[in-house]
Amino acid sequence: QFGSVSPVLRTHCSGVHDGPHCLRRIWLFPHYESMKSAMVMRDAMLPYLMTAYRHFYDSGIGVVHPCYYEYSQHSQAYATAETQYMFGSEMLAAPISDAASDPLHGNVEQTVWLPPGVWVEWGGERAHVGPVNYSTSYSHSEIPLFVRGGSAIPLKATSSTFAGDLCWVVFPSGGRSGTGVVYDDEGEGLSYQEDEYSVTRLSYHTANWTHGAVLELKLQPLHRCVGTGCAVWVAQRSHSLELRGLSSLGLRVQSVDVESIGNGSDSRPVRYTTSHDAALDLITLPGRWSLDDEITAKLRIAWAPTSKA
């Protein structure tokens, strides 16, 4: 668990204790399925992590840093410093390091201190208002990971064949408006030191998440890539929006209509897909867009009721 929410994730083994597993063939490990879900989550987080690494480069504040960096007036931020931390600017992680009574199937009770504000569980199941100590039982496949209310988390669009496509995860239970930022560069070399990088901000707002919500989106470049190498990697990408945790509100997306997109004159329909198994509702904006484009969109969402999780 710690590896998936730390700056570096890699497998280790020693020939003395691990026997045949020392080949690091992780699919042979008895807890491979739990490891796989954590690694898939980590891989999807690369856009969020790249953004956090850039913030580290600019500010000196590490991707992983103690909660008391941001909540220095709260004694609990110091008391829990050995068991939890901020993972980037928008997430709080408290990975489990205690052994369960049953190594493969047992659960572990974990208490997490949530700072002031709204914090949403990574799966979107519940939102909590801090400051509060939150305790519950976690299985091997569950990582205590919380997202700051109002955040839009940039992830890799795993349903796309294009590596640069983004999926912005928004948590309706975290509030009616919010923002997120994503950083891009060439991915190798030192050209990012010469302004060859891009920063894009997503902002969203709705008056409510019920009764035919109108969701307003804006994608705005905060820093445009300049330099001779930009044309090599600044390509077009698609954007999708995942409304995570709708089932906990007793809702699911029934239909989506575009009232406006781009300059307001484009009325192309939104392609809507959903995965009920993962309790996700995914809305894909039409078209592919340059990192330099400023996109505004207004979506009208019709909800269908469902039983609360």
Going by salt bridge (charged side-chain N to carboxylate O under 4.0 Å, His left out), name the pairs with one or both residues in residues 145-154, residues two or more places apart or in two chains. Glu70-Arg148, Glu90-Arg148
According to salt bridge (Lys or Arg N to Asp or Glu O under 4.0 Å), who are the partners of Glu142, at least two apart in sequence or on a separate chain? none
Which residues pass the side chain to side chain donor-acceptor pair (under 3.5 Å) test with Gln84, sequence neighbours left out? none
Mind checking whether Val112 and Phe146 have side chains closer than 4.5 Å, heavy atoms only? yes
Would you mind telling me which of Ile143, Ile96, Val108 makes a side-chain contact (heavy atoms from CB on, under 4.5 Å) with Tyr138? Ile96
Specify the closest pair of heavy atoms between Ala93 and Phe87, including all atoms of both residues, with the distance to one decimal. CB-CB, 4.3 Å
With sequence neighbours left out, the residues meeting salt bridge (Lys or Arg N to Asp or Glu O under 4.0 Å) with Glu194 are none
Please name the pair of heavy atoms, one in Leu155 and one in Pro47, separated by the smallest distance, quoted to 0.1 Å. C-CG, 3.7 Å
Begin from the C-alpha positions of Lys36 and Asp43 and carry the test salt bridge (Lys or Arg N to Asp or Glu O under 4.0 Å) through to its verdict. CA-CA 10 Å; Lys36 178 181 176 181; Asp43 181 65; over 6 Å; no
Co-members of the apolar cluster containing Phe56 [side chain, <4.5 Å]: none
Please indicate whether Gln73 has more than 12 foreign heavy atoms, meaning atoms of other residues, nucleotides or ligands, lying under 6.0 Å from its CD. no
Fellow cluster residues of Val8, listed by chain then number, with links counted only when side-chain atoms sit under 4.5 Å apart: none
Salt bridge (Lys or Arg N to Asp or Glu O under 4.0 Å) partners for Arg54, two or more places apart: Asp58
Hey, what else clusters with Val40 if you join Ile, Leu, Val, Met, Phe, Trp, Tyr whenever side-chain heavy atoms sit under 4.5 Å? none
Return the minimal non-hydrogen interatomic distance between Gly3 and Arg42, and the atom names on each side. O-NH1, 3.4 Å
Contacts of Asp293 meeting side chain to side chain donor-acceptor pair (under 3.5 Å) (sequence neighbours excluded), chain-then-number -> none
Going by the rule salt bridge (Lys or Arg N to Asp or Glu O under 4.0 Å), which residues pair with Arg126 if we only count those two or more places apart in sequence or in a different chain? Glu121
Minimum-distance pair of heavy atoms, taken over all atoms of His205 and Ser177: ND1-CB, 3.5 Å
Looking at every heavy atom in both Leu92 and Cys67, which two are closest together, and how far apart are they? CD1-SG, 3.8 Å
Which pairs, with at least one residue in residues 75-85 and sequence neighbours excluded, count as a salt bridge (charged side-chain N to carboxylate O under 4.0 Å, His left out)? none
Show me the side-chain donor-acceptor pairs of residues 215-225 shorter than 3.5 Å, one per line, residues at least two apart or across chains.
residue : atom : partner : partner atom : Å
Gln220  : OE1  : Arg201  : NH2          : 2.9
His223  : ND1  : Tyr197  : O            : 3.0
Arg224  : NH2  : Asp292  : O            : 3.2

Does a donor on one side chain and an acceptor on the other come within less than 3.5 Å for Thr111 and Asn133? no
Of all heavy-atom pairs between Thr200 and Trp168, which one has the smallest distance, and what is that distance? O-CH2, 4.2 Å
